[in-house]
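Remarks on the structure that follows.
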Amino acid sequence: MSLFWGSMMIGRWTGAISVFNVSKATRKILCVIVPFVAYGVILGANVIKGNEVSGLYPYVICIVIQIIGFFAGQDKPAKTLMVFGLLGVGSVLVGLFTTGSLATFAFISGGLFCSVMWPSIFALSIGGLGKYTGQGSAFLIMMILGGSLVPPVQGGLADIPSIGIHASYIIPALCFAYLAFFAFRVKNILKSQGIDYESAISGGH
């Protein structure tokens, strides 16, 4: 559990780099260093707690994949959301079709890919709303309710003996897939409204 929520922190810290006024070269360097600093904080907290952390070392591979995702997203909300949505789908599918530590790390890495989605979703969703921006923002905040609806759906599937907990992760895979589709679709919608989504930088991760 600490690694999942720590993954959210890793992504948030890395995404926050874009809000600071630093050079492009410095930003790239920080995008590589900061995730590992955050990962070190997670390991350190577990060591202080007296937990064995050697089993968490392979998770570095997932962090490297996230770093590649940040570079692929180029600080652009649509591209970032699509890249991380696809990475989320991929990680859950790996978890679904494997077992043991590989499946565990694959499912946990969903935290890495969820971490920076919200600011991208928000920026893309209110783009072009004009005088309805306030209302759109309010609806978006209310849509966080999905966080209390999706888990019971997955839990319901997990309680079905023929499905079980492992296979129930098809639900987050579908959620990631929809977010990737949204990112792909919204580009054309905003472009038709004359909004240059490619030059929009997603800050406030």
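What you see below is based on every heavy atom in this structure, not just the backbone, and it leaves out hydrogens, waters and symmetry mates. Bear in mind the structure is a predicted one, so any value in this text is a computation, not a measurement.
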query: Is the Phe107 to Phe4 ring centre distance short of 6.0 Å?
result: no
Requested in this report: Over 60° means perpendicular and under 30° means parallel, so classify the ring planes of Phe122 and Trp118, tilted if in between.
Outcome: perpendicular
Q: Could you walk me through whether Phe36 and Val64 pass side chain to side chain contact (heavy atoms under 4.5 Å, CB included), step by step?
A: CA-CA 9 Å; Phe36 291 108; Val64 170; 4.0 Å; yes
Determine all donor-acceptor pairs shorter than 3.5 Å in which one atom belongs to a side chain in residues 136-165; sequence neighbours excluded.
unit_1: Ser137; atom_1: OG; unit_2: Thr133; atom_2: O; d: 2.9
unit_1: Ser148; atom_1: OG; unit_2: Leu145; atom_2: O; d: 2.8
unit_1: Gln154; atom_1: NE2; unit_2: Ser168; atom_2: OG; d: 3.2

d(Leu3 CG, Asn51 CG) to nearest 0.5 Å is 11.5 Å
- Query: Transitively linked via ILVMFWY side-chain contacts under 4.5 Å: Leu86 with Tyr178?
  - Reply: no
**Message:** Is the distance between the ring centroids of Phe113 and Phe176 under 6.0 Å?
**Reply:** no
Note: Ala183 and Ala78 closest approach over all heavy atoms is CB-O, 3.5 Å
Could you tell me if the side chain of Ile189 sits less than 4.5 Å from the side chain of Phe182, heavy atoms only?
no
**Request:** Following the transitive rule for hydrophobic clusters with a side-chain heavy-atom cut-off under 4.5 Å over Ile, Leu, Val, Met, Phe, Trp and Tyr, establish whether Leu179 and Tyr169 coincide in one cluster.
**Result:** yes
Any side-chain heavy-atom pair from Phe70 and Val116 closer than 4.5 angstrom? yes
OG1 (Thr26) and CD1 (Ile33) are apart, to the nearest 0.5 Å, by 9.5 Å
(Q) Check this for me: Tyr132, atom OH, are more than 12 non-hydrogen atoms of other residues, nucleotides or ligands nearer than 6.0 Å? (A) no
Show me the donor-acceptor pairs within less than 3.5 Å that the side chains of residues 87-106 make with the rest of the protein, sequence neighbours left out.
unit_1: Ser91; atom_1: OG; unit_2: Leu87; atom_2: O; d: 3.4
unit_1: Ser91; atom_1: OG; unit_2: Gly88; atom_2: O; d: 2.8
unit_1: Thr98; atom_1: OG1; unit_2: Val94; atom_2: O; d: 2.6
unit_1: Thr104; atom_1: OG1; unit_2: Gly100; atom_2: O; d: 3.1

- Message: The test is side chain to side chain contact (heavy atoms under 4.5 Å, CB included); show your working for Phe181 and Met82 and say whether it passes.
- Response: CA-CA 7 Å; Phe181 166 76; Met82 184 166 64; over 6 Å; no
Measure the acute angle between the ring planes of Tyr59 and Tyr39, then classify it against the limits of 30° and 60° as parallel, tilted or perpendicular. tilted
When rounded to the nearest 0.5 Å, the distance separating CG of Leu124 from NZ of Lys187 is 10.5 Å
Kindly say whether Ser115 contributes a backbone atom to a donor-acceptor pair with the side chain of Arg12 at under 3.5 angstrom? yes
Closest heavy-atom pair, Thr14 versus Cys31, reported as atoms and distance to 0.1 Å, is CG2-O, 4.0 Å
Scanning both residues in full, the closest heavy-atom pair of Ile67 with Pro35 reads CG1-CG, 3.8 Å
inquiry  = Run Leu112 and Phe84 through side chain to side chain contact (heavy atoms under 4.5 Å, CB included) and show every step you take.
reply    = CA-CA 9 Å; Leu112 290 171; Phe84 277 76; 6.0 Å; no
CD1 of Ile63 to OG of Ser7, rounded to nearest 0.5 Å, is 7.0 Å
Margin query: Hydrophobic clusters here meaning ILVMFWY residues chained together by side-chain heavy-atom distances under 4.5 Å, can you tell me if Ile108 and Ile61 are in one?
Written below: yes
*asked:* Are the side chains of Val41 and Met9 in contact, using a 4.5 Å heavy-atom criterion?
replied: yes
Correct closest heavy-atom pair for Leu129 and Ser125 would be CD1-O, 3.5 Å
CD1 (Ile29) and OG (Ser23) are apart, to the nearest 0.5 Å, by 7.5 Å
| message | Evaluate Val53 against Ile42 for side chain to side chain contact (heavy atoms under 4.5 Å, CB included), listing each step before the verdict. | response | CA-CA 10 Å; Val53 298; Ile42 298 167; over 6 Å; no
Output for pair (Ile126 CD1, Ile121 CD1), nearest 0.5 Å, gives 12.5 Å
Residues Thr80 and Gly73: closest non-hydrogen pair is OG1-O, 3.4 Å
For Ser2 and Asn46 the tightest heavy-atom approach is OG-ND2, 3.3 Å
